[in-house]
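Reviewing the structure listed below.
We name chains A, B, ... by the order of the sequence lines, and we start the count at 1 in each one. Just so it is clear, the model here is predicted, and its values are computed rather than measured.
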2 protein chains.
Amino acid sequence: MKKRITLKDIAKNFNVSIATVSKALKDSHEISPNTKSKIKEYAKLHHYKPNVTALNLLNKNTKTIGVVIPNIMNTFFAKVFMGIEHIASQKGYQLVSCISNESYEKEVKTIDLLKHGHLDGIIISLAEETQVKQNVTHLKNTLNEGVPMVMFDRVSDELECDKVIVNDLEGAYHATCHLIKSGCKKVALVSVIDNLSVGKLRVEGYKKALTTFNIPIEERLIVRIGHHEDFDTVMKIILADKSIDGLLCLEESAAVNVLHLVKRMTYKIPEELSIACFTNGKLLQHLSPSISAISQHGKYIGETAAKMLIDRIENEDLPKPCETKIIKTSLIERESTKQF
Amino acid sequence: MKKRITLKDIAKNFNVSIATVSKALKDSHEISPNTKSKIKEYAKLHHYKPNVTALNLLNKNTKTIGVVIPNIMNTFFAKVFMGIEHIASQKGYQLVSCISNESYEKEVKTIDLLKHGHLDGIIISLAEETQVKQNVTHLKNTLNEGVPMVMFDRVSDELECDKVIVNDLEGAYHATCHLIKSGCKKVALVSVIDNLSVGKLRVEGYKKALTTFNIPIEERLIVRIGHHEDFDTVMKIILADKSIDGLLCLEESAAVNVLHLVKRMTYKIPEELSIACFTNGKLLQHLSPSISAISQHGKYIGETAAKMLIDRIENEDLPKPCETKIIKTSLIERESTKQF
DNA sequence: ATGAAAGCGCTAACAA
DNA sequence: TTGTTAGCGCTTTCAT
């Protein structure tokens, strides 16, 4: 990269000191108007830009936020990212972004890299593997070192920091209630994310809804499918029970797969089988039939997280207790559930 | 943020000079094994991490790449981003990412921010508005200042730098040929991206295919729909011509919208109307019928761009002429086109 | 084997 | 009004 012009270069050109140049460019009153304009003009002509690295070293802040996201192909995370980006750029922060790819090891490496990088704070959602391992010492250390951190969606109780989460329990509760109220007699739940904190909470919400309607909870109807199991096979077995007429899917891919399957099985949707699903992406919207979804307001979550972090960074002197913001979900009714 | 331990702190603790500590931690032979081990142990105990900002200032490199992407919700760009991330993290580079949101102004602001930030290089795909305005002076300046840059997908001829593009012309050509060979007599083209360089190239490819099969080009069949026009209205008018039996959509949303429309119009797909579309995302795969797609291999594009940039960064001393890599597309046949 | 000093680019307190 | 100096955290050359 071509050497950029520095204060020193400008100073040399005019035979003045570096300090004079610095002050002149800052429009300081202690510099004569004459010198000021000379210097400014020269600086502009030569595209002078202060060296941010030097300023960072001086100020001990970098106006940079590290963002760790499990998977950017996931609509929800992409939306959150947009939200973070929106606020960050508005407040003059840059984003150093890392994709953990759901891997514990990559997450640890990433955090290490980020800590090296002297950034002002971190926004993170845990990798799936990290939630399975339940090992968050890398983050605990980060926190201990005083790095401001905000977690979102996939959080850990062991970490004492600001958090932004969705009311997963309530979201599942409302969706299940909706299925029941629309006439479903037997609602099953399909989860491929039982590893995740949010997955567990959603199951709770489902159970709560059944209880509300005095429907006995049948563990058999809570279908947890692991990564290495064949989705269709497991589902066919459970759907052998023809009295199942409602399905709560805990994330997009489950709903998509289920839909393909039951269409092949010539189910009538929503009459014979109603489906509701977490995460509101384009996919659910455009399938036929379109699938009723629980929107988690990803962009808003990202914006909230970014605001919380920046607030903490810029007000470190007045420490506040950690806060957990809970974002309400909303149910978007589509063709896969019955009107009532 | 809690103050981190520095070389100075360690030096003070042992009453040695900063230089000694620095050397000790680097395992220099000029330091006695005794002092070395003492210092190293202490450093580890106190989680000493070198201050990267200081090192950057010294080395004049930051191991950081700026990535400017028009829209992260777009599957293609998300895939490219994954590819960039993959190579970057493998080679020890961080990513500062910006979303231009298809806005010229945001892109200019972003580039400015990035240039301030003293990064090693930039990977960028132009915002739609930038391509419309055809104003790339902000990037020309950046290039003139010697910042290594790689463009991908939405590139500009005015910029002399490395590029990674898809063979849009050929992709459209093959898809159109496929439609014709499968028996379509009248293939129309639907574009909502006629603003973009890639959009124009795809139209060329379409025309070339018609020419190859001695089919006269009818401008009427090249449907360009602006952002402010009503998609369905325009399409209904064109589809009034019932002899149209093939459709080449230049990007995902056009295909999705068309599909909804023609299903309502009770077209039989692919018998009465075949559809092929650029960009291979989950959406096209899961629609019913699923839509034949031209895959652009986004992840590979990202990986290629990252490799090119890092190569240029790390070998600035031996300058090479700019290079444009062309990634081949591939056609993925699905239910929306006929077998033959 | 250890340290002093210069320098990366910049700011700011203090002198002149 | 301008300059000197010290310092942010680190590396490196050249003494000692």
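The base of D/dG3 sits with one of its N or O atoms less than 3.5 Å from a complementary donor or acceptor on the side chain of A/K23.
Within 4.0 Å (heavy atoms only), A/T53 reaches no atom of the nucleic acid at all. Using a 4.0 Å heavy-atom criterion, one finds that B/F14 contacts no nucleic acid atom at all. Within 4.0 Å (heavy atoms only), B/L55 reaches sugar-phosphate atoms of the nucleic acid but no base atom.
Remark: the backbone N or O of A/D162 is not paired with any side-chain donor or acceptor of A/R312 at under 3.5 angstrom.
Using bins of under 30°, 30° to 60° and over 60° for the plane-to-plane angle, the ring pair A/F152/A/F77 lands in the perpendicular bin.
An OP1 or OP2 oxygen of D/dG3 is reached within less than 4.0 angstrom by a side-chain nitrogen or oxygen of A/S17. Under 4.0 angstrom from either OP1 or OP2 of D/dC10 there lies at least one side-chain N or O belonging to B/Y48. OP1 or OP2 of D/dG3 sits under 4.0 Å from a side-chain N or O of A/T20. Between C/dG9 and B/K60, a contact under 4.0 Å exists linking OP1 or OP2 to a side-chain N or O.
Partner A/E314 forms a salt bridge (charged side-chain N to carboxylate O under 4.0 Å, His left out) with one of A/K91, A/K63, A/K307 and no other, that one being A/K63.
No more than 12 heavy atoms of other residues, nucleotides or ligands sit less than 6.0 Å from atom CD of A/E160.
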